[in-house]
Amino acid sequence: MQSPKPTGITGKARESLAKIFDHVLRSEGSLSATTRDYRWSVTGPNLYSLHRLLDEQRRQLDYWLDRVMERARSAGIPVPARSDATAPAGGAGLPPRTMIGDLLARHEAMARQLRDDIARLADPGTAEVLTRLVEFHETTAWMLRMLHSDSGAGSGRTA
């Protein structure tokens with residue numbers, strides 16, 4: 001029998017929570033690295049505005065990575081030390097609209113996955129943190145969707 005942890009989260013609930021934290025941290029880390037890569041790869045007439053937007057989004061992702069790690073540790077779930085993940089694919093040479101579309105899809109997927117995770121949680125503290133993270137991803141996806149629906153990805157032209 002597993003000894004109780006100070007948080008009272010034991011057994012299958014602890015295993016489930018650990019799996020959720022693991023995939024959230026991996027996915028958020030990958031999204032942060034991709035956003036960072038795209039930020040440095042963006043070119044074109046909207047370089048400055050897209051560079052700043054992606055920098056702000058990457059900073060917010062890093063903030064959320066820290067919050068999720070803090071929550072995992074406070075719930076008694078061991079997590080590895082944070083490391084800067086590498087982006088799965090380079091953005092060099094991609095058109096800004098492609099980068100924005102990729103980030104949009106990733107933020108939407110994260111929001112969906114997090115909603116599924118929250119529905120399975122028996123830990124209200126973690127559910128609250130992940131609910132706020134869903135709000136961040138949905139807001140970010142909305143902003144990216146507005147840019148992506150513009151055929152110039154922020155160039156002022158309409159599709």
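The residues of the chain are indexed from 1 along the displayed sequence.
The salt bridge (Lys or Arg N to Asp or Glu O under 4.0 Å) test applied to Asp22 returns Arg26, not counting sequence neighbours. Judged as a side-chain contact (heavy atoms from CB on, under 4.5 Å), and not counting sequence neighbours, the contacts of Thr139 are Met143. The salt bridge (Lys or Arg N to Asp or Glu O under 4.0 Å) check on Arg52 picks up nothing, with sequence neighbours excluded. Taking Glu128 as the reference, Arg132 meet the side-chain contact (heavy atoms from CB on, under 4.5 Å) condition, with sequence neighbours excluded. Scanning for side chain to side chain donor-acceptor pair (under 3.5 Å) contacts around Thr126 gives Arg71, Asp123, with sequence neighbours left out. Shown here are the ring-ring contact (aromatic ring centres under 6.0 Å, His included) partners of Trp40, two or more places apart in sequence or in another chain: His51.
Formation of a donor-acceptor pair under 3.5 Å by the Ser30 side chain with backbone atoms of Ser27 is not found in this model.
Comment: Arg59 engages Asp55 in a salt bridge, judged by a side-chain N to carboxylate O separation of less than 4.0 angstrom. A salt bridge links Arg115 to Glu138: at least one charged side-chain nitrogen sits closer than 4.0 Å to a carboxylate oxygen. Taking the charged nitrogens against the carboxylate oxygens, Arg58 and Asp62 do have a contact shorter than 4.0 Å, which makes a salt bridge.
The two residues Leu54 and Thr35 have their closest heavy-atom pair at O-CG2, 3.3 Å. Here the shortest heavy-atom pairing between Asp117 and Val24 reads OD2-CG2, 4.0 Å. Between Pro78 and Arg14 the shortest heavy-atom distance is CD-NH2, 3.9 Å. Between Pro96 and Thr43 the shortest heavy-atom distance is CG-O, 3.4 Å.
Counted by atom type alone, His137 and Glu28 present one or more donor-acceptor pairs between their side chains at under 3.5 Å.
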